[in-house]
Protein chains: 2
Amino acid sequence: MVRAPAGKAPGSPLWLKLSSYVTLTRDETAFLLELERCVARQPARADLLRQGDRYGEASVLRDGWAIRHKALPDGRRQVVNFVLPGDIIGIYSNLFECADHSVTTLTPVEVASFPPERIVALFRGFPRLAAALAWSGAREEAMVAERLLSLGRRTALERVAHLIVELLRRLSVVNMAQDGHFTLPVTQEIMADALGLSIVHVNRTLRRLRDSGLVEVSGQRLTVKDVSQLAVVGQFDELYLHLIRAPDQLERAFSDHQAKRRTILSTDPT
Amino acid sequence: MVRAPAGKAPGSPLWLKLSSYVTLTRDETAFLLELERCVARQPARADLLRQGDRYGEASVLRDGWAIRHKALPDGRRQVVNFVLPGDIIGIYSNLFECADHSVTTLTPVEVASFPPERIVALFRGFPRLAAALAWSGAREEAMVAERLLSLGRRTALERVAHLIVELLRRLSVVNMAQDGHFTLPVTQEIMADALGLSIVHVNRTLRRLRDSGLVEVSGQRLTVKDVSQLAVVGQFDELYLHLIRAPDQLERAFSDHQAKRRTILSTDPT
DNA sequence: GCGGAACATTAACCTATGTTATGGCCCCCG
DNA sequence: CGGGGGCCATAACATAGGTTAATGTTCCGC
């Protein structure tokens, strides 16, 4: 897929992500760089956003891991998704009154924050970026929907296997995994909250996977020994990640538009 | 909230929904009406979209109920969300290769379909509409995330109660519920698939709710006798529906933009 | 008005997963 | 170098919810 230029100028994770949907122009690139100008660091276990708070700034995760999670009044908690570099936090902050979820770091992170008005500017001035953002939002929703399928209809073993394959895939795309192994800064407690299971049962289930030789774990290092087998166990169908697509589909949509517009309008039977 | 003009011209559910985010101009209204020009009917239990199929047209549900659902190869199924009038189906069809979910009608419906290029046109020519669409997409994702919390961390009783309150709220906004009662064209099987439970257990749970006098059911008519109590049982916190917001927040965002642009740019410390 | 399909209801029984409890390991801090 | 906190591991036991199966009910086509 996309190869990460070794940390150089436009190689921010957000830039990388969006440019896998459209080829970015110089102007668009400049706009994105400007967005990420104001960089800050946060330690692990810091809340970047707290459920119920008024929304403030929006930000881009540039480095590190975080989780998006929701809690019930009595403390039960559900991890909605893992936030990886290139993901945006609170993108619609100016449209929603309060945050309905929290975002908490799992590792030390680097975030770039910007005033939400920038998003409005983006919608006005950069329709292709806007569409790319909408695209990535839709993909994110697809991931949440897939997790919903897991919690609703997969067994514990299937869920764990599915999550591991999903993370492996997502991390591979951003060069954070090499041949089946990656760093997983996730305690079993957090995994439990992501999978709707108890800690103990996550532990049991992980053990089964280890015993059957499908994965190996040492500390935060996780190695998948047999991806295809693990994918079978987890009933993993990567449709939902929408990784397979004709390159530059959005690109083409935008240029086709000129050509097709006349046709469409002339079909009008008024 | 928004009162539905009695079926007259701009009163399409989509128009209504979007105009609760921004006050729509004449041009924008015209564009939306044109979108919904090509109307068709479908019976109950018809697939409007099938998981794995190549995406084709996009469409707007104008009347009736449908469900968005995903299935595992072995037939287990999860309902992701209920599709109500004003919701768009397959909005990003030109960006994704294949559908990762199905959409099936629960009642006879009226849908308007349009070529996906129209969405591109919309992003180019109507940034405010684009933002409104993004907004409603984000709200939809928020609903899926809340359902995820249900499946992961709420008990069966809580889930059922929560779902009923959610539907009541959503239907009230579009004038499809009056003082606590509404028509629910949903079998217990579908409810089970939405809540990650078995049919039998949905039945048991519904009975508990009836026995405790919180709801009444007769045929497809569902009456909530005590909303606030039911909301307590379901740990319902309507934050996620994002109904409470300053009116025309998006509106304001768009006009503020002009004013703030200068300030933001001048902050630039280059 | 009869037969059958689709759906709701209930009971009896079973199992996947949750709970509670205990011990071990590792690492950091004093 | 000793102690405590966070995390992992396992065992024993408890239960929410799943499964199977049998019976009703409603409605629709003929």
Side-chain angles (χ1 to χ4, degrees), chain A residues 43-45 67 72 74-78 104-108 150-163 183-211 215-222 233-234, chain B residues 43-46 65 67 72 74-79 104-108 150-163 183-211 215-222 233-235:
Chain A
R45 290 149 187 279
I67 47 174
L72 255 18
D74 63 10
R76 284 175 283 172
R77 191 176 67 149
Q78 177 65 41
T104 303
T105 61
L106 295 180
T107 65
S150 272
L151 299 217
R153 294 305 186 209
R154 279 189 253 250
T155 67
L157 188 68
E158 292 164 346
R159 288 182 216 183
V160 174
H162 188 275
L163 177 64
T183 300
L184 184 68
V186 168
T187 64
Q188 294 185 356
E189 178 176 12
I190 287 169
M191 235 190 210
D193 283 341
L195 297 173
L197 299 170
S198 66
I199 303 186
V200 174
H201 203 57
V202 165
N203 186 294
R204 284 198 274 254
T205 309
L206 235 24
R207 155 159 274 289
R208 279 179 66 192
L209 285 178
R210 271 186 278 128
D211 287 352
V215 303
E216 260 172 25
V217 186
S218 73
Q220 302 200 329
R221 199 98 204 128
L222 195 153
V233 172
Chain B
R45 289 147 186 281
W65 286 59
I67 46 174
L72 255 18
D74 63 11
R76 283 175 285 172
R77 190 176 66 149
Q78 177 65 41
V79 171
T104 303
T105 62
L106 294 181
T107 66
S150 271
L151 299 218
R153 294 304 187 209
R154 278 190 252 250
T155 67
L157 187 70
E158 292 165 346
R159 288 182 216 184
V160 174
H162 189 275
L163 178 63
T183 301
L184 185 68
V186 168
T187 64
Q188 294 185 358
E189 178 175 13
I190 288 170
M191 236 191 211
D193 283 342
L195 297 173
L197 299 169
S198 66
I199 302 185
V200 174
H201 203 57
V202 166
N203 187 294
R204 284 198 274 254
T205 309
L206 236 23
R207 154 158 276 289
R208 279 178 66 191
L209 246 24
R210 271 188 277 128
D211 286 353
V215 304
E216 260 172 26
V217 187
S218 73
Q220 302 200 328
R221 199 99 204 127
L222 195 152
V233 172
Q235 306 228 28

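Per chain, numbering begins at 1; letters A, B, ... match sequence-line order.
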Rounded interatomic separation in angstrom, taking CE from B:Met191 and P from C:dC7: 14 Å

Salt bridge (charged side-chain N to carboxylate O under 4.0 Å, His left out) partners of A:Arg207, counting only residues at least two apart: A:Asp211

Nearest heavy-atom neighbours spanning B:Arg153 and B:Glu158: O-OE1, 4.3 Å

B:Arg208, CZ atom: more than 12 neighbouring heavy atoms under 6.0 Å: no

Integer-rounded Å distance: D:dG17 C1' and B:Asn203 CG: 14 Å

Find every protein N or O atom lying less than 3.5 Å from an N or O atom of nucleotides 22-30 of chain C, and list the pairs.
none

Donor + acceptor pair across side chains of B:Arg45, B:Thr104 (<3.5 Å): no

Gap separating the CD1 atom of B:Ile67 from the CD1 atom of B:Ile190, nearest 0.5 angstrom: 4.5 Å

Interatomic distance where CD belongs to B:Glu158 and P belongs to D:dG17 [whole Å]: 9 Å

Between C1' of D:dT19 and CZ of B:Arg76, the distance in whole Å: 15 Å

Spacing of CZ belonging to A:Arg154 relative to CD belonging to B:Gln78, to within rounding of 0.5 Å: 10.5 Å

Separation of atom CG in B:Leu151 from atom C1' in D:dG17, rounded to whole Å: 14 Å

Where at least one partner belongs to residues 194-204 of chain B, residue pairs that pass salt bridge (charged side-chain N to carboxylate O under 4.0 Å, His left out), sequence neighbours excluded: none

Side-chain (A:Ser198) to main-chain (A:Ala192) donor-acceptor, under 3.5 angstrom: no

Contact under 4.0 Å: A:Gln188 side-chain N or O vs D:dG6 OP1/OP2: no

B:Arg207 vs C:dT9: side-chain N/O to OP1/OP2 distance below 4.0 Å: no

By side-chain contact (heavy atoms from CB on, under 4.5 Å) - contacts of A:Ala44 (at least two apart): A:Pro108

Euclidean distance, atom CG of residue B:Leu222 to atom C1' of C:dA8 [Å, nearest integer]: 15 Å

B:Gln220 CD to C:dC7 P, straight-line distance once rounded to whole Å: 11 Å

Spacing of CZ belonging to A:Arg76 relative to CG belonging to A:Asp193, to within rounding of 0.5 Å: 12.0 Å

Difference in axis direction between the ends of the helix from C:dG1-D:dC30 to C:dG30-D:dC1, five pairs, 10°: 40°

Dump every N/O contact between nucleotides 15-18 of chain C and the protein below 3.5 Å, one line per pair.
residue : atom : partner  : partner atom : Å
C:dT17  : OP1  : A:Ala156 : N            : 3.1
C:dG18  : OP1  : A:Gly196 : O            : 3.4
C:dG18  : OP1  : A:Ser198 : N            : 3.3
C:dG18  : OP2  : A:Ser198 : N            : 3.0
C:dG18  : OP2  : A:Ser198 : OG           : 3.0
C:dG18  : N7   : A:Arg204 : NH2          : 2.7
C:dG18  : O6   : A:Arg204 : NH2          : 3.4

Side-chain donor/acceptor of B:Thr105 to backbone N/O of B:Trp65, under 3.5 Å: no

